[in-house]
Amino acid sequence: MIAHVPSLDRVGLLAGLPLAFTPLIRNASTVLLRQSTVRRRPRPTELRIDVQRDPANLQAELDAIERRLHRKGDALNGLPTLDIRRPGFVFRHREADGEHYVYVEDAPRGRLAGYTVFNRLVEVDRRADRHLRAPHSRYAPDYQRCGLATAVYDWWLAAGRSLITGARQSPAANALWHSLAKRHELFYVRLEDKRLRCLGEEVDEVTRGDLHTRMILVGSGLDRTGLAALIGCQQEVARLQ
């Protein structure tokens, strides 16, 4: 199977910038052979933790975006700021074709710390697309684990907007989701053939490892039942250990 890769800005927001998505499957036959001989079970909090990133390519991408942020006449120049209060940091926002981009600048150093993009998912139907976005964050190593992505996700969820995971997550993203679940309702769904089925707050390891299983974080002002009605998520009994 091929992991879902977040889409680029359809009007050229990130056009031409290098992305560092390491191939997850190089040889299907080799993968099948390994799976037949070694079976690894995920820990209870895991959801396909296998996204790898090259720090060198990441920095090159951030440098290219930073140049565009300061280039007069560029679409990224002069973006409005968000009311996210983190001392020393400026959060700039752009929306394009229903996708939202938040760029985080280290103002004292004049550096781009990183960005978060809230992508639309082609896997969901139009009804769910009105309410769900899949976040992907890329921050330079010096700015990881200092709450910047958390602040952006909190901004999104506080506005009553909900989130859904992609097919795979990095270890940092998975930890962030479970941290946010302490103050925002989290539940599992099965996404297949553009249909969502609610699995509940807990699922067993087999279900959790299925590529069709996703997590949803519920935005403020909603609960799981209300969001499920909005996105057309039918109830399904999940297997528990």
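In this text, all values refer to a predicted model and were calculated from it rather than measured experimentally.
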Mind checking what makes salt bridge (Lys or Arg N to Asp or Glu O under 4.0 Å) contact with [X], not counting sequence neighbours?
X	result
D63	none
D129	R120, R133
R127	none
D83	R85

Which heavy atom in [X] sits nearest to a heavy atom in [Y], and how many Å separate them?
X	Y	result
I164	P135	O-CD, 3.5 Å
W177	I216	CZ3-C, 3.9 Å
A113	L62	O-CD1, 3.9 Å
G160	L222	O-CD1, 4.1 Å

Which residue is it: R214, R190, K194? I am looking for the one with a salt bridge (charged side-chain N to carboxylate O under 4.0 Å, His left out) to E123. R214
Quick one, D223 with V218, criterion side-chain contact (heavy atoms from CB on, under 4.5 Å). Give me CA distance, side-chain angles, the key distance, then yes/no. CA-CA 6 Å; D223 58 17; V218 183; 5.6 Å; no
Quick one, Y143 with V104, criterion side-chain contact (heavy atoms from CB on, under 4.5 Å). Give me CA distance, side-chain angles, the key distance, then yes/no. CA-CA 10 Å; Y143 298 98; V104 184; over 6 Å; no
[X]: which residues meet the side-chain hydrogen bond (donor to acceptor under 3.5 Å, both in side chains) condition with it, sequence neighbours left out?
X	result
D74	R68, R71
R224	none
T116	S137, Y139
R183	D154

Quick one: does R138's side chain have a donor or acceptor within less than 3.5 Å of a partner on G114's backbone? no
Sidechain-backbone polar pair: S162 side chain, G219 backbone, donor-acceptor under 3.5 Å: yes
Do the side chains of E66 and R111 get close enough for a salt bridge, i.e. N-O under 4.0 angstrom? no
Salt-bridge contact E192-R197 (side-chain N to carboxylate O under 4.0 Å): no
Side chain to side chain, [X] and [Y], heavy atoms closer than 4.5 Å:
X	Y	value
I84	R86	yes
F187	M215	no
L76	Y101	no
L112	Y103	yes
Q235	C198	yes
L132	L163	no
Q169	T165	yes
L157	L217	yes

Can you find a side-chain donor-acceptor pair between E105 and Y115 that sits under 3.5 Å? no
Polar contact flag, side-chain donor to acceptor under 3.5 angstrom, D210-T207: no
Determine, using the 4.5 Å side-chain heavy-atom cutoff (strictly less than), whether I65 and V90 are members of one ILVMFWY cluster. no
ring-ring contact (aromatic ring centres under 6.0 Å, His included) against H100, all qualifying residues, sequence neighbours excluded: H93, W156
Supply the atom-to-atom distance L186 CG to H184 NE2, rounded to the nearest 0.5 angstrom. 11.0 Å
Chi angles and distances behind the side-chain contact (heavy atoms from CB on, under 4.5 Å) call for L82, V102: CA-CA 9 Å; L82 298 174; V102 179; 4.0 Å; yes
